[in-house]
There are 2 protein chains.
Amino acid sequence: MSLRSALLALITAGPMTGYDAAKRFAGSVGNIWYASDSQIYPELRKMEADGLLSTRPVPWGSKGTTKTEYTVTEDGKAALGDWVASPLTYTLERDPVRLRTAYLEWTDPATARQHFQEHIEHHSRVLQMAEEQIEEITRRTHPTLRRRLETYDDAEARRVVEFKLMAYRGVCARSQAEIDWAEECLGTLQAL
Amino acid sequence: MSLRSALLALITAGPMTGYDAAKRFAGSVGNIWYASDSQIYPELRKMEADGLLSTRPVPWGSKGTTKTEYTVTEDGKAALGDWVASPLTYTLERDPVRLRTAYLEWTDPATARQHFQEHIEHHSRVLQMAEEQIEEITRRTHPTLRRRLETYDDAEARRVVEFKLMAYRGVCARSQAEIDWAEECLGTLQAL
DNA sequence: TGATCCATGTAAGTAGTTACATGATTGC
DNA sequence: GCAATCATGTAACTACTTACATGGATCA
């Protein structure tokens with residue numbers, strides 16, 4: 001139900017169409033919980049069917065065509081509240097990187113080195129993304145956040161901003177740890 | 001195909017029955033790539049069908065019953081080699097903890113605090129598990145590793161051990177980073 | 001004789017992936 | 001007139017989860 005919660009949380013920032021939701025998703029929550037457009041559209045419909053979202057057709061173009069605008073219902077807000085308050089279920093480790101690392105004796109040193117280098121590159125990209133988000137959140141230039149903050153007073157807004165920052169600081173901390181680890185491994189590899 | 005690779009890697013330590021594989025899995029690779037018994041048994045059969053494992057019935061009990069012993073074939077070893085050498089595909093972030101964190105304004109401070117405390121508890125357990133594994137690997141008392149090392153000479157064995165250690169050091173580094181992050185968040189929460 | 005291993009699954013369901021599919025609109 | 005963006009999906013597949021199911025062997 002994470003996708004559902006992510007969408008619910010996103011749309012609490014304000015009513016938006018499916019397309020708009022998909023775009024905003026990619027620029028905000030999607031950095032933390034990735035979902036493809038082909039997952040988002042059907043999920044929105046299911047959420048409407050379940051009463052978490054209400055819809056309103058809004059005209060689009062000149063030919064009388066419409067697009068669908070979604071708004072979070074009271075039930076939707078309640079569901080979001082339930083979700084944040086429910087205990088997280090931690091699934092047991094399932095880590096492709098560590099799995100690969102544990103059996104690197106089955107390849108040559110050059111390939112092993114490359115494995116760690118790619119890990120560093122990947123997490124450098126993630127780190128950069130997270131730092132950009134932190135920047136936009138701190139300066140409150142992030143479009144979706146901006147919209148969300150309109151409905152809060154100053155003290156509440158500070159709280160809202162702080163939680164978003166915590167999340168991305170976590171992403172940074174994690175990626176930095178991954179980079180440090182991979183660099184240490186590269187060192188050990190040399191010595192081997 | 002990670003489960004398949006994990007099983008392949010496990011059974012390169014030496015021939016084992018399905019039950020034995022499931023038990024050893026839980027005590028070794030399973031710490032890095034969890035799988036339930038109900039996933040393991042059918043996968044072993046599929047791997048046999050695909051020629052990665054060969055089987056031999058071994059008698060069990062007194063009533064002429066048998067259990068199946070699996071051995072990695074040459075094809076299986078080749079597949080394992082291909083897998084370690086293939087580039088890892090990094091999927092985009094999908095992080096339930098960060099997702100939850102980003103929307104903690106939808107709950108009360110006490111629940112928010114609990115969220116981070118549970119995170120710390122979870123990662124403390126993971127950290128402890130990884131440290132235990134490191135201990136057993138370093139002292140070479142780990143039963144599956146011990147069996148694996150029989151087929152290697154001293155220099156190779158050192159290399160094999162080192163990769164296992166790298167993997168678990170990664171698990172430690174990650175969990176430690178998670179704990180540090182959650183503790184920092186608890187601090188920020190107080191100040192809020 | 002009862003608990004605890006040993007031994008091996010199936011069946012139904014959920015979540016997510018990959019690839020494909022289509023047409024209208026706006027701005028240069 | 002053409003590209004980019006707006007708008008919205010479906011279909012087939014893979015991986016994993018949850019819950020259930022069964023019976024022999026060993027040992028106190």
Side-chain angles (χ1 to χ4, degrees), chain A residues 1-8 15-27 29-30 32-50 53 55-70 83 88-96 99, chain B residues 1-8 15-27 29-30 32-50 53 55-70 83 88-96 99:
Chain A
M1 297 287 89
S2 284
L3 171 58
R4 177 163 285 216
S5 306
L7 281 169
L8 217 41
M16 53 188 86
T17 64
Y19 183 81
D20 198 19
K23 291 307 119 178
R24 281 175 189 272
F25 194 92
V29 226
I32 277 172
W33 191 273
Y34 167 77
S36 60
D37 291 2
S38 66
Q39 238 188 312
I40 292 174
Y41 286 110
E43 188 63 29
L44 288 173
R45 301 192 128 205
K46 278 186 233 153
M47 288 164 76
E48 191 210 343
D50 293 345
L53 300 175
T55 59
R56 189 171 71 95
V58 297
W60 174 69
S62 47
K63 295 245 178 65
T65 46
T66 58
K67 51 187 175 176
T68 312
E69 189 189 66
Y70 294 93
W83 171 74
L88 260 179
T89 51
Y90 286 89
T91 58
L92 290 159
E93 295 280 309
R94 199 168 270 155
D95 185 335
L99 180 58
Chain B
M1 296 288 90
S2 285
L3 171 59
R4 179 164 285 215
S5 305
L7 281 169
L8 217 40
M16 52 188 84
T17 65
Y19 182 83
D20 197 20
K23 291 307 121 181
R24 281 175 187 271
F25 195 91
V29 227
I32 277 172
W33 191 273
Y34 166 78
S36 60
D37 292 3
S38 67
Q39 240 189 308
I40 293 174
Y41 287 110
E43 188 62 29
L44 288 172
R45 300 193 127 204
K46 279 187 231 153
M47 289 165 75
E48 190 210 345
D50 293 345
L53 299 176
T55 58
R56 190 171 71 94
V58 295
W60 174 67
S62 48
K63 294 246 179 66
T65 45
T66 57
K67 50 188 176 178
T68 312
E69 189 190 66
Y70 294 93
W83 171 74
L88 259 179
T89 51
Y90 285 91
T91 58
L92 289 159
E93 294 280 308
R94 198 167 269 155
D95 184 335
L99 180 59

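Lettering follows sequence order; numbering is per chain, from 1.
Atom-to-atom, CD of Glu69(B) to C1' of dC6(C) comes out at 16 Å; the value is rounded to the nearest Å. One atom, OH of Tyr41(B), and another, C1' of dT17(D), lie 18 Å apart when rounded to the nearest Å. A straight line from CG of Leu44(A) to P of dA7(D) spans 13 Å, rounded to a whole angstrom. Atom NZ of Lys23(A) is separated from atom P of dT5(D) by 9 Å (rounded to the nearest Å). Atom-to-atom, CG of Asp50(B) to P of dT14(D) comes out at 12 Å; the value is rounded to the nearest Å. As a whole-Å value, the separation of Lys67(A) NZ from dT5(D) P is 16 Å. In this entry the distance linking CD1 of Ile40(B) with C1' of dT8(C) reads 12 Å, nearest Å. Rounded to whole angstrom, the span from the CD atom of Glu48(A) across to the C1' atom of dT8(D) amounts to 14 Å.
For dA7(D), the OP1/OP2 oxygens have no side-chain nitrogen or oxygen of Tyr19(A) closer than 4.0 Å. For dA15(C), the OP1/OP2 oxygens have no side-chain nitrogen or oxygen of Gln39(A) closer than 4.0 Å.
Nearest-nucleotide positions on DNA chain C for Met1(A) and Thr66(B) put Thr66(B) closer to the 5' end. For Trp60(B) and Thr91(B), each mapped to the nucleotide of DNA chain C holding its nearest heavy atom, the one lying further toward the 5' end belongs to Trp60(B).
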Does Leu53(B) form a side-chain contact (heavy atoms from CB on, under 4.5 Å) with Glu69(B)? I'd like the steps, not just the answer. CA-CA 10 Å; Leu53(B) 299 176; Glu69(B) 189 190 66; over 6 Å; no

side-chain contact (heavy atoms from CB on, under 4.5 Å) between Arg94(A) and Tyr34(B), intermediate numbers included: CA-CA 6 Å; Arg94(A) 199 168 270 155; Tyr34(B) 166 78; 3.3 Å; yes

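Set against dG16(C), dT17(C), dC16(D), the side chain of Leu3(B) has dC16(D) as its closest nucleotide. Picking from dA7(C), dG9(D), dG16(C) the nucleotide with the shortest atom distance to the side chain of Thr17(B) gives dA7(C). Of the candidate nucleotides dT17(D), dT8(D), dT8(C), dT8(C) has the atom lying nearest to any side-chain atom of Asp37(B). Nearest to the side-chain atoms of Arg94(B) among the listed nucleotides dA7(C), dA15(D), dT17(C) stands dT17(C).
Ion pair Glu43(A)/Lys46(A) flagged as a salt bridge, since at least one NZ, NE, NH1 or NH2 atom sits closer than 4.0 Å to an Asp/Glu carboxylate oxygen. Looking at Arg4(A) and Asp50(A), a side-chain N of the basic residue comes within less than 4.0 Å of a carboxylate O on the acidic one, giving a salt bridge.
Across all their heavy atoms, Trp33(A) and Phe25(A) have their closest contact at O-CE2, 3.1 Å.
Nucleic acid contact for Thr68(B): sugar-phosphate only, since backbone atoms but no base atoms lie under 4.0 Å from a heavy atom of the residue.
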